[in-house]
Student: 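Here you go, one structure.
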Amino acid sequence: MPTFALIDGNSFYASCERVFRPDLAKTPIVVLSNNDGCVITRTREAKALGIRMGAPYFEVANLERKGLLTVFSSNYELYADMSRRMMDTIASLVPRFEVYSIDECFADLTGLTDDPTCLGQRIRARVEQWVGLPTCVGIGPSKTLAKFSNHLAKRHGKLSGVLDWGSLSPERQTKALASEPAAEVWGIGRRLAEQLAGMGIDSALDLARADPALIRRRFGVVVERVVRELNGTSCLTLEDVAPPRQQLVRSRSFGQLIHERDALAAALAHHTAQAAADLRAQGSIAGLIGVQLHTHRFRAQDAQYHACDWQALPVASCDTLALTRAALALLDKLYRKGFSYKKVGVLLGELLTGAARQADWLAPETDPARQALLGALDTVNHRYGRGTLRLGAEAIGHGWQMRREHASPCYTTRFDQLPTVS
DNA sequence: TCTGGGGTCCTAGGACCC
DNA sequence: TCTGGGGTCCTAGGACCC
């Protein structure tokens, strides 16, 4: 029987901030979405203040003004680097693992002779000591039960952050499933939870006891797998090699509404440059490029315009210049004067990676001089920070930058922002 | 006044083919 | 009156995840 562990960081983004701000160890913290829009991470203390997940910033600004809450703009450069350190540390203790998201990973503990709970505690202790981040570990015979155990480990302080499903008696397992709503189960979102409730399936236990054949007919194979996994039959495997991405999207809302084509073009050129760099970092080329343009969807009084168009690239490419040219041409097709724009984005599709890319014998070799130029671009931007070297197109318009009024330094990735010892 | 961004998978239905 | 049965590919939409 397989054994999976799910390890995830507690209030991950906020915990990353705390590593460099020990003065905030016990205080309520929230981290905001891009553009300081809404709350996406809350510490336990912030939850205790009654702050909702997804609450718009203005709802919590009051608490901040009174000094009851510390607010951070999201700093993905910092979180991504802390994530890498956390994953490297976990890799030093488990034979195989899968990075599932920025703050969590699955590990395969099948066949290990160690007691799973002890191993879970070792993982927690090492991540805490080496990286400074608090984690919880859930262990079970399926990924879904590992997730569920992790959820229980978070909820019940008595468990000291680790729960092995296999260590519970059948009676305790039944009680645990009965104590949580079906919506807490991985793979059951709001819509499915509503439909399940209509069938009298309210708790995780109800779901575990549902007839898989009936569930399959009503909801398809995905939910059927959830039911089987809840009963300890593993249907999902550990994917330790990440499949290459199939598409890449890069878009941001603006800090303020934009009317002029040039400002849109500057923002779009910026997103395209970032997307092209991401593409090169994973060794892919794109065959298709798209641009999307949006007005502010929450401003009902404004005329709305939402447009998107695609263009096949003559040659699949990861070249910043070629992609930017194509993106700007699409923008000029889509742009209509007179609207107040809130967001622009670039989409790259038909990505080819690795072997698939080699097999594309129709694609001519990229010009070596151009390759050297792109290599230099990536090297400089990696060493001195993204955006150090960029195209002129990014600089022709202003006013589109994100709002990030509570940004912390990139303590670990920029020389000029290293933490100093006082 | 203020409400993010980036992914994946599955299914149903239509076009088309033999 | 009768008017098959599969396949594949593509797209749109819906659901989920973090």
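Residue numbers begin at 1 in each chain, while the letters A, B, ... track the order of the sequences.
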Student: Could you tell me whether A/I188 contacts a base, only the sugar-phosphate backbone, or nothing, with contacts defined as non-hydrogen atoms closer than 4.0 Å?
Tutor: sugar-phosphate

Student: List DNA chain B stems (3 or more consecutive Watson-Crick/G-U pairs, under 3.5 Å)?
Tutor: B:5-18 with C:5-18

Student: Write out all pairs satisfying salt bridge (charged side-chain N to carboxylate O under 4.0 Å, His left out) with one or both partners inside residues 192-210 of chain A, taking only residues at least two apart or from two chains.
Tutor: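 Applying salt bridge (charged side-chain N to carboxylate O under 4.0 Å, His left out) to every pair that reaches into residues 192-210 of chain A, excluding sequence neighbours, yields A/R190-A/E194.
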
Student: For the residue pair A/S284 / A/T353, report whether a side-chain donor-acceptor contact shorter than 3.5 Å exists.
Tutor: yes

Student: With side chain to side chain donor-acceptor pair (under 3.5 Å) as the rule and sequence neighbours excluded, what pairs involving residues 124-136 of chain A come up?
Tutor: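 Residue pairs passing side chain to side chain donor-acceptor pair (under 3.5 Å), neighbours aside: A/S92-A/R126.
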
Student: Using atom P in both nucleotides, what's the gap between B/dT3 and C/dC18 to the nearest angstrom?
Tutor: 25 Å

Student: Just how far, in rounded Å, is P of C/dC18 from CD of A/E98?
Tutor: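 It is 13 Å, rounded to the nearest whole Å.
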
Student: Given atom CG of A/D8 and atom P of C/dC17, what is their separation to the nearest angstrom?
Tutor: 14 Å

Student: Once side chain to side chain contact (heavy atoms under 4.5 Å, CB included) is applied, do any residues pair with A/E405, and if so which ones, sequence neighbours excluded?
Tutor: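 For A/E405 the side chain to side chain contact (heavy atoms under 4.5 Å, CB included) partners, ignoring immediate neighbours, are A/D36, A/R403.
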
Student: With no hydrogens and no angle check, just 3.5 Å: does a side-chain donor-acceptor pair link A/S251 and A/H271?
Tutor: no

Student: Report the residues that fulfil salt bridge (charged side-chain N to carboxylate O under 4.0 Å, His left out) with A/R261, sequence neighbours left out, ordered by chain and then residue number.
Tutor: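 For A/R261, the residues satisfying salt bridge (charged side-chain N to carboxylate O under 4.0 Å, His left out) (neighbours in sequence not counted) are A/D332.
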
Student: Of all of residues 189-204 of chain A, which get a heavy atom below 4.0 angstrom from DNA chain C, listed by number?
Tutor: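 Within residues 189-204 of chain A, the residues near DNA chain C are A/G189, A/R190, A/R191, A/L192, A/Q195.
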
Student: Please confirm whether A/W165 and A/F4 have ring centers closer than 6.0 angstrom.
Tutor: no

Student: Strictly below 4.0 Å, heavy-atom distances to any atom of DNA chain C: list the hits from residues 178-187 of chain A, or just say none.
Tutor: A/V185, A/W186, A/G187

Student: Please encode protein proximity along nucleotides 2-15 of chain B as a string of B, S and -, counting only heavy-atom distances under 4.0 Å.
Tutor: BBBSSSBSSS----

Student: Distance only, no hydrogens: is a donor on one side chain within 3.5 Å (strictly under) of an acceptor on the other, for A/N35 and A/S253?
Tutor: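 Note: A/N35 and A/S253 side chains miss the donor-acceptor criterion.
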
Student: With salt bridge (charged side-chain N to carboxylate O under 4.0 Å, His left out) as the rule and sequence neighbours excluded, what pairs involving residues 152-161 of chain A come up?
Tutor: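 Salt bridge (charged side-chain N to carboxylate O under 4.0 Å, His left out) check on residues 152-161 of chain A returns A/D8-A/K154, A/R155-A/E180.
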
Student: Return the set of residues passing ring-ring contact (aromatic ring centres under 6.0 Å, His included) with A/F97 (not counting sequence neighbours), or none when no residue passes.
Tutor: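 Residues passing ring-ring contact (aromatic ring centres under 6.0 Å, His included) with A/F97: none at all.
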
Student: Keeping to residues at least two apart or across chains, list the salt bridge (charged side-chain N to carboxylate O under 4.0 Å, His left out) pairs with something in residues 285-312 of chain A.
Tutor: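 As it turns out, the salt bridge (charged side-chain N to carboxylate O under 4.0 Å, His left out) pairs with a partner in residues 285-312 of chain A, which skip direct neighbours, are A/R299-A/D302, A/D309-A/K333.
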
Student: For residues 227-248 of chain A, which residue pairs qualify under salt bridge (charged side-chain N to carboxylate O under 4.0 Å, His left out), counting only residues two or more places apart or in two chains?
Tutor: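 Salt bridge (charged side-chain N to carboxylate O under 4.0 Å, His left out) check on residues 227-248 of chain A returns A/R96-A/D240, A/E224-A/R228.
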
Student: Salt bridge check, A/R21 against A/D23: does any charged N sit closer than 4.0 Å to a carboxylate O?
Tutor: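 A/R21 and A/D23: salt-bridged.
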
